[in-house]
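Working notes, beginning with the structure itself.
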Amino acid sequence: MAHGITLTFPDGAARAFPAGSTGADVAASISPGLAKAALAIALDGEVRDLSRPIERGCTVRLITRKDAEALELIRHDAAHVMAQAVQDLYPGTQVTIGPAVEDGFYYDFARETPFSTDDFAAIEARMREIVAAAEPFVREVWDRDDAIAHFESIGEHYKAEIIRDLPEGEEVSVYRQGDWLDLCRGPHLPTTAHVGTAFKLMKVAGAYWRGDHRNAMLTRIYGTSWRDEKELKSHLHRLEEAEKRDHRKLGTQMDLFHFQEEAPGQVFWHPKGWTIYTTLMDYMRRKIRASGYVEINTPQMLDARFWRASGHWDKYRENMFVLPPEGEDVPPVALKPMSCPGGAQVYKSALRSYRDLPLRMAEFGHVVRREPSGARHGLMRVQAFTQDDAHIFCTDAQLEDEVVAMCDLIAQVYRDLGLAEGLRVNFSTRPEQRIGSDADWDRAEGALRKVLDRIGLPWDLNPGDGAFYAPKLDFILTDAIGRAWQCGTVQVDMNMPTRLDLAYVGEDGARHRPHLVHRAIMGSMERFMGVLLEHYAGNLPLWLAPVQAVVATITSDANAYAGEVLEALQQVGIRAEADTRNEKINYKVREHSLAKVPVLLVVGGREAEGRSVAIRRLGGKAQEVMPLNTALQTMEAECAPPF
RNA sequence: GCCGCAGUAGCUCAGUGGUAGAGCAACGCAUUCGUAAUGCGUGGGCCGGGGGUUCAAAUCCCUCCUGCGGCACCA
């Protein structure tokens, strides 16, 4: 044991091993059971193949199927198995990259005819054969040039390119599974059998080589894989459940809105959907008035000259709807894609004094943006929408407090709406393509950083992702299937004031530039509605529900009383309907439950006689009979908005 | 915009070359019922648009539009 190594185990125990011992040796030294169960070994936290010799003393942890890292190994290896299956079945297909991702894996292939889901059955069948063969994953380190020559010779030009681009000095490792091999950094499971059979190919998609649209489009196959069938099944079940809360589905079921071919990416709001929309907007108006905002509104269409001046004609033209002139001499007009240039005109309509600042101007700006056809997505990405926008004009000294105040306002609104949990903030800093001086960027980013400390929300740094004119804080909410959507945003802008020549007269009598902070809380009202609907799976809080209560009769004998109850509810401002149809109470309960009406007030002979109602709440079985007046008070209290 | 898939009754969907279907909804009639579907009956279609192949097209081919899942974009 002259050249042994000392390994430290998670329990703190340190043991000596002969030099050249592998992870498998370590596992075997502990117990035969572990030797069998071990999949990989973590050396100082870095996951390595079990078969690789351990070069140095370190802390070790054996990874078994239970560990979090196991899933990633299983998924990564499933990608390899799929790649082999594909190349076995479709010779001439090139492999590129195939990582493990959340819930599964994918592999990008280069092939003249893209795959279709019809190919899945064959690929999955071949994958099962490869898994059954239990081929060991064997790691080899190759000479760089040999590797390039090899991959070129077998027509794997993408792999050769990957090797060429590897940093100098990085090992070129190749893994074999049977007679198939792939360039790969590893680590891998001991054999293909360890992948198991709890996998399923999910979808095909196009994906650009290296994520760049100027490159060739590859065909990507997504799969999901798990430790066992039970996990797979529950994953598929989760997907089904998520589908049920898709806002597009709920929109139809709850009769909130629809889309149609003649107005791509634009919403036809139905009475119930529009009720939610205006209720949200009313809430927001109360909120911003209480926070010292004024509200303005600016034109929908502006002469092209204006957009040339603002810079949009250059920078944003592709996303704008431009109306061609009718006559030769008429200049084109464009529908506004953003509210800020218009809002700035209101600022400029008067000579502003330092006494006017901070000036907080809100605008529910209806903007229209041309979106790429593949980008549209229900309410989440539309071509015409209303932003709950605001522009705050302030002095340098006011900047930080203003930004903190608006972040607090955003957080308050999200809390009021039940969306605060899981809220993420992205701090996006200066991009490469930017205008303005580094000193200004330092100041603006510094201010946002201080703000982040003060507001105490979890945040991620998103370097280089700021707008070309300002760093920003983006407030990210997620939809039913975990897709992230930006809703709120705060942007500290040091450029527009100069471009649009904004000024205020200071205490010293001289003209100064104000700072301009752009902010939206819900962002797009449409998108926010989509997120809300999915978050609540359609079961909106009482104050937002389009129909808050339905008075349902048991027999027609109670119709007159139901009318009285309805009127009483409406008198106290509750959105209520009466269901006096000649249907059984079971039918009515079912129908209104499916329509997600939060409160059912059932009235029959007994209630009519005693001037009471039987309250049944959505999702509950229990009924509570109470006097009508009590019910009215309860309802009125419960339907009150959070602000 | 790119790759794959889809578009049939208000909704959900079946129908793969030979007379357009089902369930729910709607409408009518009967039923007056106590907390998630009462029964019977009736009406309802440019099978996304255009072009082509064929004796014959919802069905096969081309093309456009819209949507869905990704990618890219956006933020």
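So that the names make sense, note that chain A is the first sequence line, chain B the second, and so on, each numbered from 1.
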Are [X] and [N] close enough that a side-chain N or O sits under 4.0 Å from OP1 or OP2?
| X | N | value |
| --- | --- | --- |
| A:His377 | B:G67 | no |
| A:Thr219 | B:C3 | no |
| A:Arg369 | B:C74 | no |
| A:Lys203 | B:C3 | no |
| A:Arg616 | B:A36 | yes |
| A:Arg248 | B:G69 | yes |

Judged by modelled atom types alone, do A:Thr298 and A:Glu363 share a side-chain donor-acceptor pair under 3.5 Å?
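Yes, a side-chain donor-acceptor pair sits under 3.5 Å.
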Candidates B:C2, B:C11, B:U66 - which lies nearest the side chain of A:Met217
B:C2
A:Tyr208, nearest nucleotide to its side chain (from B:U35, B:C2, B:C11)
B:C2
Please give, in whole Å, the distance from [N] [atom2] to [X] [atom1]?
| X | N | atom1 | atom2 | value |
| --- | --- | --- | --- | --- |
| A:Glu102 | B:G70 | CD | P | 12 Å |
| A:Tyr107 | B:G4 | OH | C1' | 20 Å |
| A:Glu371 | B:C2 | CD | C1' | 17 Å |
| A:Leu594 | B:U12 | CG | C1' | 14 Å |
| A:Leu239 | B:G69 | CG | C1' | 12 Å |

Taking 4.0 angstrom as the limit, do [X] and [Y] come out as a salt bridge?
| X | Y | value |
| --- | --- | --- |
| A:Arg210 | A:Asp165 | yes |
| A:Asp212 | A:Arg214 | yes |
| A:Glu564 | A:Arg611 | yes |

Hey, does A:Lys588 reach any base, or is it just sugar-phosphate, or nothing, if we go heavy atoms under 4.0 Å?
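The answer is nothing, as A:Lys588 stays clear of every strand by at least 4.0 Å.
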Roughly how far, to the nearest 0.5 Å, is CZ of A:Arg75 from CZ of A:Phe105?
9.5 Å
Say you draw a straight line from OG1 of A:Thr634 to CD1 of A:Ile615; how long is it, rounded to the nearest 0.5 Å?
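If we round to the nearest 0.5 Å, A:Thr634:OG1 and A:Ile615:CD1 are 6.0 Å apart.
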base_contact_polar ([N] base, [X] side chain, donor-acceptor, <3.5 Å):
| X | N | answer |
| --- | --- | --- |
| A:Arg376 | B:C73 | no |
| A:Glu607 | B:G34 | yes |
| A:Tyr222 | B:G4 | no |

Could you go over nucleotides 38-43 of chain B and give all protein N or O partners under 3.5 Å, atom names and distances?
from  : atom 1 : to       : atom 2 : distance (Å)
B:U38 : O4'    : A:Lys584 : NZ     : 3.4

Going by the angle between their ring planes, with limits at 30° and 60°, are A:Tyr277 and A:Trp274 parallel, tilted or perpendicular?
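Parallel: the ring planes of A:Tyr277 and A:Trp274 meet at under 30°.
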